[in-house]
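First comes the structure, then the notes that go with it.
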Number of protein chains: 2
Amino acid sequence: MQISSRFTIALHIFTCVDTFGDDHKVTSDFLAASINTNPVIIRKILTQLKNAGLITVARGTGGIELTRELSEISFYDVYEAIEPVEGGDLFRFHEAPNPACPVGRNIHALLDGKLNSIQDAMENEMKKYTLMDLRTGMKELLAEEV
Amino acid sequence: MQISSRFTIALHIFTCVDTFGDDHKVTSDFLAASINTNPVIIRKILTQLKNAGLITVARGTGGIELTRELSEISFYDVYEAIEPVEGGDLFRFHEAPNPACPVGRNIHALLDGKLNSIQDAMENEMKKYTLMDLRTGMKELLAEEV
DNA sequence: TTTCGTTGTAACCATTGACATTACAACTAA
DNA sequence: TTAGTTGTAATGTCAATGGTTACAACGAAA
């Protein structure tokens, strides 16, 4: 199991918007070139970010605007916008354990709390990072490049 | 993205072995009935657990034995045995970002450390739970049932 | 008003992984 | 030898991922 590349693509998009937004119009074609994928892939991800209320996209003319400060958008916000996990459960169970078996009928009660704490640990760490960290990190990397 | 049900099935298997191992011979058919799936699914998971050195399986006669104490097998050990993530990276990147783009050629350096810390947070929480917690938890649940 | 660049979205397609199922060889103990 | 079990190959179905083409809708500028 791996988290889909859409998540890191979304972070890539935000980094591009912040890095180039003042100089270029950042379109889905521009982003697709930087990420090396198809513009439609980008547009679908932009739609997800828009539906989550993180950005606005100018139809017709093009251009992406954040709806909040960089420091107010965490990795978790992006993750939540991108990953279509219904119910939000990280761990999947087999659908119908046998209720006639003492273990089968108690397996959810046994595991749910523990699995939730694992998921919480991951999500809480995601909340520690914001898009502001991407700006400062990228500035440092570009300064080193020269 | 969700972690496959094979992980929770593996925990279910361990719980059955501990709960019923003294009274019944715990075969792949027995386990399949408790989990409500196909015995071959069980055998494949048992093969993974065996390859990871967590259990031995008696061919021909049937029967599962742990190679370590319950308290010496963590959820992470099971997760690592079950999830075939090559390289062990939780987050997937798009394969070939554009090296001509300043963001494209630095996106890995920008994100790798942060994503690793998120993955570590999850895995460290997984290491806190062991099969001993499954034994004690299941005993409590069964005691409540009466 | 027309043109041009852009977004939104539908309609496909290929590939992969998850889960299931059947079948059968190999094995072990009774 | 027999009965029960494991190991594994071969298939099948389904969903998700990532890609691609096509085109309508839109907005700004000429």
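As the structure is a prediction and not an experimental result, all values here were calculated from the model. Labels below follow one simple rule: chain letters A, B, ... track the order of the sequence lines, proteins then strands, and each chain is numbered from 1.
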On DNA chain D, nearest-nucleotide positions of B/Thr47 versus A/Ile3: which is more 5'?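 Result of the comparison: B/Thr47.
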
Quick check: on DNA chain D, is the nucleotide nearest B/Lys44 upstream (toward 5') of the one nearest B/Ala58, or the reverse? Name the residue that is more 5'.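 Its nearest nucleotide being more 5', the pick is B/Ala58.
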
Atom pair distance, as rounded to whole Å: [atom1] in [X] and [atom2] in [N]:
{"X": "B/Glu95", "N": "D/dG18", "atom1": "CD", "atom2": "P", "answer": "8 Å"}
{"X": "B/Arg43", "N": "D/dT8", "atom1": "CZ", "atom2": "P", "answer": "11 Å"}
{"X": "A/Ile42", "N": "D/dG19", "atom1": "CD1", "atom2": "P", "answer": "9 Å"}
{"X": "B/Asp29", "N": "C/dT22", "atom1": "CG", "atom2": "C1'", "answer": "14 Å"}
{"X": "B/Glu83", "N": "C/dC19", "atom1": "CD", "atom2": "C1'", "answer": "14 Å"}
{"X": "A/Gln48", "N": "D/dG18", "atom1": "CD", "atom2": "C1'", "answer": "13 Å"}
{"X": "B/Asn38", "N": "D/dT13", "atom1": "CG", "atom2": "P", "answer": "16 Å"}
{"X": "A/Ile45", "N": "C/dT7", "atom1": "CD1", "atom2": "C1'", "answer": "15 Å"}

What's the closest nucleotide to the side chain of [X] if the choices are [options]?
{"X": "B/Lys25", "options": "D/dT5, D/dG7, C/dC19", "value": "D/dT5"}
{"X": "A/Ile41", "options": "D/dG19, D/dT6, D/dC26", "value": "D/dG19"}
{"X": "A/Ser28", "options": "C/dC19, C/dT7, D/dT6", "value": "C/dT7"}
{"X": "B/Val57", "options": "D/dT5, D/dG7, C/dT6", "value": "D/dG7"}

For [N], does OP1 or OP2 lie under 4.0 Å from any side-chain N or O of [X]?
{"X": "A/Arg6", "N": "D/dG18", "result": "yes"}
{"X": "A/Thr37", "N": "D/dG19", "result": "yes"}
{"X": "A/Arg92", "N": "C/dA18", "result": "no"}
{"X": "B/Thr61", "N": "C/dC27", "result": "no"}
{"X": "A/Ser5", "N": "D/dG18", "result": "yes"}
{"X": "A/Lys50", "N": "C/dG8", "result": "yes"}
{"X": "B/His94", "N": "D/dT17", "result": "no"}

Crowding at [atom1], [X] (>12 non-hydrogen neighbours, <6.0 Å):
{"X": "B/Glu69", "atom1": "CD", "result": "no"}
{"X": "B/Lys139", "atom1": "NZ", "result": "no"}
{"X": "B/Glu65", "atom1": "CD", "result": "no"}

Establish, from distance only, whether the side-chain atoms of B/Asp77 and B/Ser74 form a donor-acceptor pair under 3.5 Å.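 B/Ser74 and B/Asp77 do have a side-chain donor-acceptor pair below 3.5 Å.
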
When all nucleic acid strands are considered with a 4.0 Å heavy-atom cut-off, which category describes A/Gly62: base, sugar-phosphate, or nothing?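 Sugar-phosphate contact only.
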
Once you apply a heavy-atom cut-off of 4.0 Å, does A/Val40 come out as touching a base, just sugar-phosphate, or nothing?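 Base contact - A/Val40 has a heavy atom under 4.0 Å of at least one base atom.
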
Tell me which one of A/Met126, A/Glu125, A/Gln119 satisfies side-chain contact (heavy atoms from CB on, under 4.5 Å) with A/Met122.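 It is A/Met126; the other options fail the test.
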
A/Tyr76 and A/Tyr129 aromatic centres sub-6.0 Å: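 Centroid distance A/Tyr76-A/Tyr129: not below 6.0 Å, so no.
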
